[in-house]
Amino acid sequence: MTQNLAATSRPAAVPAAVPAANASGSRGWWRDAVIYQVYPRSFADSNGDGMGDLPGIRSRLPYLRDLGVDAVWLSPFYASPQADAGYDVADYRAVDPMFGNLLDADALIRDAHELGLRIIVDLVPNHSSDQHEWFQRALREGPGSALRERYHFRPGKGANGELPPNDWESIFGGPAWTRSANPDGTPGDWYLHLFAPEQPDFNWENPAVADEFRSILRFWLDMGVDGFRIDVAHGLVKAEGLPDIGGGDQLKLLGNDVMPFFDQDGVHEIYRTWRRILDEYPGERIGVAEAWTPTVQRTANYVRPDELHQAFNFQYLGTAWDAAALREVIDVSLDSMRPVDAPTTWVLSNHDVTRHATRFANPPGGTQIRTPGDRELGLRRARAATLLMLALPGSAYVYQGEELGLPDVTDLPDEVRQDPSFFRQAGQDGFRDGCRVPIPWSGTEAPYGFGPTVGGPSWLPQPAEWASLSVDVQTGDPTSTLELYRSALAVRREHPALGAGTAVTWLDTPEGVLAFRRDSAEGSFVCTVNTGAEPVRTTAPGSVLLASTEVVVVAGETVLPADSAIWWAV
Ligand code: NOJ
């Protein structure tokens, strides 16, 4: 039976928002921006040491311009001992020599701007490296040093202070406290680290910490960056007295629950201060929160008009490939962001979760998946999921390599792994290396153009099959995932109904199918998505703009293939 795609009785509550103009009259570029995440270790290696670097990224900027993204977010490239791949910063104003130097950063920012790309850098304010000068001096100076107030040092419990000060667990496994040694070598106070022991948490109650980060913000804003992705944005403020949590399976990755160390109301005051600094600079510099909160409603608090601009929608990222579940999370997300006038910020993959091509290749099971699953199915769904994401109102993030349809590498040998969570949890949860493997650019032999030398090193080994997924192989092939992304981003730029907005109009659909319309004065757009395993016959709502797989329209009727998405001009 042919299904009609008629509008439901629940039309959009509010018409599409007009992008807010700021004082300088600029259009709110971040409300609909597509932002590409570069993971510097794994993007492009200019000097052949097996590790990506800033000159490598710089050389590939034209690729990103041609892909059609608006901005690039760079994961940390700062001076760091790399205990957590750079999320352990020893000097916030220096580039780690393995990535280059400040001149390289300057050249990268300038080149990007010349190409019309904005640059967002990562800011890691929850913790520093244990090699940070403040922490090292705090250790050397011993108990009583004022520098210890900049972190959370506490005496231990038990007769000899041999027990941690409270029951918090580290997100990477094990206790969230490590006992320090006194300058004379005797066991001393404990310090808090929500992540690895090499990542001591800052004490944000200490004014020196807040001052320092305001200065770091200005340092990079003066360098010309267009914004900051704020790491663990929900963790800076801890509940007063650092109270025990009290039993149970405390931390399930990135704490999706209310915890005395996550999503405390006090964090918002920090972002209000930062917003004032961002607004002092021309060109709409932005902040995007990495805030794992229990609900999208709580996430909306981070993007109130006087706080940050965007916050990743992790509830969406974690949603299974299921029409009903997707529709619900889309509605809740749009409804939650509307009152604070912030764009929803969609994301499907990043450097912390299993790539969506692999997640959707497996039965639903969260964001950390061990098995390759059905690769073909995963890719088909991933392509459809991307078209769905890019059709939704708001901004979207693309993680390097997803435009090539890369899967996670699920069979990395343990000896090459570097993710601290793998080691801290005795191999139980060490999946993040699998989404961090250097991407293939060209050639038939590893490192597939990632580095300059055929047969040269890459810090994680690339699978042999990646030769057929390289940028070179996919370029010009109209069926490739790369060309699908290029086309989708081009259509998204051109079509007046796509991009910023606050609502969609759902159309009636059979089970397992999603269809929504977006309207503008210059034309309407429909996206249809079939998340089911069977093709569904429907009326064609218009003419096909783009499809994640082959489709045929005959006499106003079409078939939505299983696991597919189609964009229609109406
Ligand atoms: C979130 C980052 O994305 C992740 O890679 C890192 O391990 C933790 N924050 C700690 O900084």
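For ligands, and for the atoms within them, numbers begin at 1 and follow the listed sequence.
Atom numbering of ligand 1 starts at 1 in the shown order; those under 4.0 Å from a heavy atom of H127 are 10 (C), 11 (O). Near F172, with a cut-off below 4.0 Å to any heavy atom, the atoms of ligand 1 are 7 (O). Atoms of ligand 1 lying under 4.0 Å from any heavy atom of V232, numbered from 1 in the order shown and given with element: 9 (N). Counting the atoms of ligand 1 from 1 in the order shown, those under 4.0 Å from a heavy atom of R432 are 4 (C), 5 (O), 6 (C), 7 (O). Applying the 4.0 Å criterion to heavy atoms of H351 picks out, from ligand 1, the atoms 2 (C), 3 (O), 4 (C), 5 (O).
Residues meeting the side-chain contact (heavy atoms from CB on, under 4.5 Å) test with P81, sequence neighbours left out: D88, A90, S129, Q131. In this structure R381 satisfies the salt bridge (Lys or Arg N to Asp or Glu O under 4.0 Å) test together with D563, sequence neighbours excluded.
Under the 3.5 Å distance criterion, with hydrogens and angles disregarded, a donor-acceptor pair is assigned to the side chains of W30 and E284. Side-chain polar atoms of E212 and Y92 form no donor-acceptor pair below 3.5 angstrom.
Taking the six-membered ring for Trp, W292 and F312 have ring centres at least 6.0 Å apart. Aromatic ring centres of W441 and F43: separated by under 6.0 Å. Taking the six-membered ring for Trp and the full ring otherwise, Y271 and H309 have centroids separated by 6.0 Å or more.
Distances from atom 1 (C) of ligand 1 to the heavy atoms of N126, D231, I230, L194 show the closest one on D231.
Here F312 has no heavy atoms under 4.0 Å from ligand 1, in either its backbone or its side chain. The side chain of R229, and not its backbone, has at least one atom closer than 4.0 Å to an atom of ligand 1 (non-hydrogen atoms only; side chain from C-beta on). At a heavy-atom distance under 4.0 Å, only side-chain atoms of R436, from C-beta outward, approach ligand 1.
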